[in-house]
Structures are given as C-alpha cells and as structure tokens.
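Just below is one structure, and these are the notes that go with it.
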Amino acid sequence: MKIEMSIDPAKAVKVIHQAFKRYETDPQPSSALNETADSISSEIKQGTEMFGVYDNDELIALVKCIVNKEFIYFSRLSVLPKNQGKGVATNLVKYLEDYAVQNNIFVSKCKVRKSEKNNIALYSKLGYKIVKEEIIINKNGDEIPALTMQKNLTI
C-alpha cells in the first residue's frame with residue numbers, strides 16, 4: 001500500500017460515498033453523502049489537501065486536511081468497507097501527523113459525531129483527547145452533537 005497526495009476527485013467521491021453509506025438511513029445523514037467531484041475539486045482549489053491510500057492502484061481510503069500555522073485539521077477519513085478494520089485508517093492518520101510535523105505543525109485536530117463510539121475509540125487509541133463538545137450544523141442543516149479531538153504531536 002502506498003499513500004499519495006494526488007487523488008482523482010471522481011474516485012475520491014466513490015470512496016467517500018461507500019465509506020459513509022451506513023449513514024444513509026441515519027435520522028441525520030452525513031453530508032459526506034452529498035459530496036461530488038466538483039465539490040471536492042472546489043475544496044482542493046481553496047487549499048484543502050487530500051491523502052489517498054492505494055492498494056494495487058486502487059484508491060481504498062482517503063482523508064481531507066486543512067493545514068494552517070497552528071494545526072492540521074483532518075476530516076472525511078474514509079476507508080472502503082472491505083478494507084475497514086485492517087489498520088488503514090490508523091496508518092493514514094499517522095501519515096498525516098508525520099506530514100504535519102515535517103511542516104512544523106505540532107497539533108492535529110478532528111471533529112467526530114458524539115454518537116460514533118468506534119471513531120472516538122480509534123482516535124483515543126491514537127492519542128487524541130476530547131477538547132471540546134458542541135452542536136454543529138452540518139451541510140444538510142442538521143444539528144449534530146460533535147466532539148473536537150486533539151493531539152499534540154512530537155518529533
């Protein structure tokens with residue numbers, strides 16, 4: 001498996017939609033299901049970076065991130081269902097943390113739905129701490145109880 005920064009937005013959308021498909025029937029579906037190749041292209045033009053994990057040239061996972069002087073913020077961590085539970089997400093998060101440190105950024109942040117116990121457990125296992133609890137309004141206009149999780153990165 002290899003991690004790359006260049007991702008075809010059309011392929012990215014397919015991975016995001018498959019990874020977030022389980023939210024389709026949620027009372028508050030994830031706005032990830034509304035992503036399009038155009039919306040991703042627009043985000044990239046505005047400075048969002050994406051890292052993709054490839055297995056035999058197949059995109060199997062990705063993460064979006066925004067880098068500023070104080071921290072790296074990642075979102076839409078997406079792993080194809082058939083590849084979940086195999087350490088792909090863990091490796092991808094560690095990769096973006098290394099990327100941040102290489103760019104002299106020593107804090108990593110993400111937001112997670114408060115109801116997503118597995119995601120919270122994963123990030124906690126990776127050293128992230130809950131630093132904020134809030135209600136966010138997603139792109140669908142739904143109010144979602146969310147947690148901001150943060151990790152201080154070291155060299």
Side-chain angles (χ1 to χ4, degrees), residues 3 5-53 58-97 99-100 105 107-153:
I3 298 177
M5 279 187 75
S6 62
I7 300 174
D8 174 0
K11 289 180 180 174
V13 165
K14 288 180 182 174
V15 171
I16 291 169
H17 285 185
Q18 287 182 53
F20 283 81
K21 186 172 179 58
R22 63 190 173 96
Y23 293 102
E24 273 181 339
T25 57
D26 198 271
Q28 298 170 313
S30 173
S31 58
L33 297 167
N34 300 334
E35 297 259 16
T36 64
D38 287 343
S39 68
I40 289 175
S41 295
S42 176
E43 283 185 77
I44 291 169
K45 285 180 188 151
Q46 294 171 16
T48 297
E49 296 180 41
M50 281 199 317
F51 298 105
V53 179
E58 178 193 6
L59 181 64
I60 63 164
L62 64 88
V63 66
K64 294 181 182 182
C65 59
I66 297 171
V67 181
N68 64 36
K69 289 183 176 110
E70 286 98 46
F71 59 88
I72 188 169
Y73 173 82
F74 68 92
S75 62
R76 292 290 194 254
L77 181 58
S78 306
V79 179
L80 289 178
K82 68 180 182 182
N83 298 97
Q84 291 176 5
K86 299 178 180 176
V88 177
T90 296
N91 288 334
L92 193 48
V93 170
K94 287 180 179 176
Y95 184 91
L96 74 87
E97 290 172 355
Y99 176 80
I105 298 159
V107 175
S108 177
K109 293 183 180 188
C110 67
K111 284 193 193 304
V112 61
R113 287 179 182 225
K114 192 174 177 182
S115 60
E116 285 300 315
K117 304 299 182 207
N118 290 341
N119 293 357
I120 294 164
L122 169 67
Y123 300 139
S124 295
K125 185 178 87 176
L126 294 174
Y128 286 77
K129 305 276 187 250
I130 297 168
V131 295
K132 186 176 180 184
E133 195 169 324
E134 65 188 317
I135 302 292
I136 59 170
I137 309 294
N138 74 5
K139 291 177 182 173
N140 297 333
D142 294 323
E143 292 184 2
I144 311 283
L147 304 172
T148 298
M149 298 186 76
Q150 178 175 311
K151 178 180 180 179
N152 293 330
L153 307 174

[atom1]/[X] to [atom2]/[Y] distance, rounded to the nearest 0.5 angstrom?
{"X": "Lys69", "Y": "Ile105", "atom1": "NZ", "atom2": "CD1", "value": "10.0 Å"}
{"X": "Lys151", "Y": "Lys129", "atom1": "NZ", "atom2": "NZ", "value": "9.5 Å"}
{"X": "Glu97", "Y": "Phe74", "atom1": "CD", "atom2": "CZ", "value": "7.0 Å"}
{"X": "Ser108", "Y": "Phe71", "atom1": "OG", "atom2": "CZ", "value": "10.0 Å"}
{"X": "Ile3", "Y": "Lys94", "atom1": "CD1", "atom2": "NZ", "value": "11.5 Å"}
{"X": "Lys64", "Y": "Cys110", "atom1": "NZ", "atom2": "SG", "value": "15.0 Å"}

Indicate yes or no for a side-chain donor-acceptor contact from Asp142 to the backbone of Ile144 under 3.5 Å, with no hydrogens or angles considered.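 No; zero donor-acceptor contacts below 3.5 Å.
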Test your reading of the model: is there a side-chain donor-acceptor pair from Asn91 to the backbone of Gly87, 3.5 Å cut-off?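 Yes.
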Heavy-atom closest contact ([X] atom, [Y] atom, distance):
{"X": "Ala12", "Y": "Ile40", "answer": "CB-CD1, 3.9 Å"}
{"X": "Ile135", "Y": "Pro145", "answer": "CD1-CA, 3.8 Å"}
{"X": "Leu92", "Y": "Leu62", "answer": "CD2-C, 3.6 Å"}
{"X": "Ser78", "Y": "Phe20", "answer": "OG-CE1, 3.2 Å"}
{"X": "Gly52", "Y": "Leu59", "answer": "CA-CD1, 3.7 Å"}
{"X": "Pro9", "Y": "Ser41", "answer": "CG-OG, 3.4 Å"}

Are side-chain heavy atoms of [X] and [Y] found at a separation under 4.5 Å?
{"X": "Asn119", "Y": "Arg113", "value": "no"}
{"X": "Tyr99", "Y": "Val67", "value": "yes"}
{"X": "Tyr123", "Y": "Leu77", "value": "yes"}
{"X": "Val93", "Y": "Tyr128", "value": "yes"}

Can you run down the salt bridge (Lys or Arg N to Asp or Glu O under 4.0 Å) pairs that involve residues 71-92, sequence neighbours left out, and say none if there aren't any?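 Qualifying pairs, neighbours excluded: Glu35-Arg76, Glu58-Lys82.
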In this structure, which one of Glu133, Glu134, Glu116 forms a salt bridge (Lys or Arg N to Asp or Glu O under 4.0 Å) with Lys111?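 Among Glu133, Glu134, Glu116, the one meeting salt bridge (Lys or Arg N to Asp or Glu O under 4.0 Å) with Lys111 is Glu134.
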